[in-house]
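Encoded as structure tokens, the structure appears first; notes follow it.
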Amino acid sequence: KAHEEATIPDGFYLMGNVDNPKPEWHKAMIDAVRKVTHIAQPDTDGKIMGLPLEQEGVVNSKSPGKGKGVTNASFAVTTEVYPDSKETPVTGDQCNRAQSACVVAGFKYLITNVVVKPLKKPKFTKVKKINPESNGVNLIVKCMKAPVVVEGSDTLKEVVCG
């Protein structure tokens, strides 16, 4: 209901997830967007779209809330910018550049600040060492015959390897 009663904000803002706030990530994106267009200011109650301001240009809501779909992503945000500003008009091009600046800054922040677990070098084993309970097995094999469709299946094929 607050969404329906709220006025459309004048400028760019982010809507993050109240259950998984990412203030440093949001700040990096807002700082980049500020170079392209103006950041939405809160209303007289200190809110944007009926939600309390977390930091300049950022509000948080529940994941399935305003403007967001359902996701369990570690980093998820909705970007909003309106070209119909009456106080500080912006062009469609500025809106596009603001969205692009936000995405690029978000990725740069993640690349610089989020540790990604490096991939391990795969370990290969021999066919004779596997059994029906084996899982996560890497094999290098040579296909001896062309794949043959498994009877009763449209998608499975059988191959002879050696």
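Small disclaimer: the values here were computed from a predicted structure and weren't measured. For the numbers below, each heavy atom of this structure counts, side chains included, while hydrogens, waters and symmetry mates do not.
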Which heavy atom in [X] sits nearest to a heavy atom in [Y], and how many Å separate them?
X     : Y      : result
Val36 : Ala98  : CG1-N, 3.6 Å
Gly57 : Ile39  : CA-CG2, 3.4 Å
Ala32 : Ala101 : CB-O, 3.8 Å
Pro52 : Val59  : O-CG1, 3.5 Å
Ile48 : Ala40  : CD1-O, 3.9 Å

**Report entry** His38-Asp10 side chain donor-acceptor pair, cut-off 3.5 Å
**Finding:** yes
Under 3.5 Å, side-chain donor or acceptor atoms of residues 135-159 against the rest of the protein: list the pairs with distances, not counting sequence neighbours.
| residue | atom | partner | partner atom | Å |
| --- | --- | --- | --- | --- |
| Asn138 | ND2 | Lys123 | O | 3.4 |
| Ser153 | OG | Thr155 | N | 3.1 |
| Ser153 | OG | Leu156 | N | 2.9 |

Applying side-chain contact (heavy atoms from CB on, under 4.5 Å), can you list everything that pairs with [X], at least two apart in sequence or on another chain?
X      : result
Asn20  : Asn17, Lys22
Cys102 : Phe12, Leu14, Met29, Val33, Thr79
Asn113 : Tyr109

Query raised in the report: Roughly how far, to the nearest 0.5 Å, is NE2 of His26 from CG of Asp31?
Result: 13.0 Å
Query - Euclidean distance, Lys35 NZ relative to Ile30 CD1, rounded to 0.5 Å - result: 13.0 Å
Requested in this report: Look at the side chain of Asn131 and the backbone N and O of Glu133, then say whether any donor-acceptor pair between them is shorter than 3.5 Å.
Outcome: yes
Query raised in the report: For the side chain of Gln99 and the backbone of Asn96, is there at least one donor-acceptor N/O pair under 3.5 Å apart?
Result: no
Query raised in the report: With sequence neighbours left out, what residues match Phe75 under ring-ring contact (aromatic ring centres under 6.0 Å, His included)?
Result: Trp25
Query - Residue pairs passing the salt bridge (charged side-chain N to carboxylate O under 4.0 Å, His left out) test where at least one lies in residues 88-115, sequence neighbours excluded - result: Asp93-Arg97
**Report entry** salt bridge (charged side-chain N to carboxylate O under 4.0 Å, His left out) assessment of Glu56 paired with Lys27
**Finding:** CA-CA 8 Å; Glu56 181 188 17; Lys27 182 180 183 321; over 6 Å; no
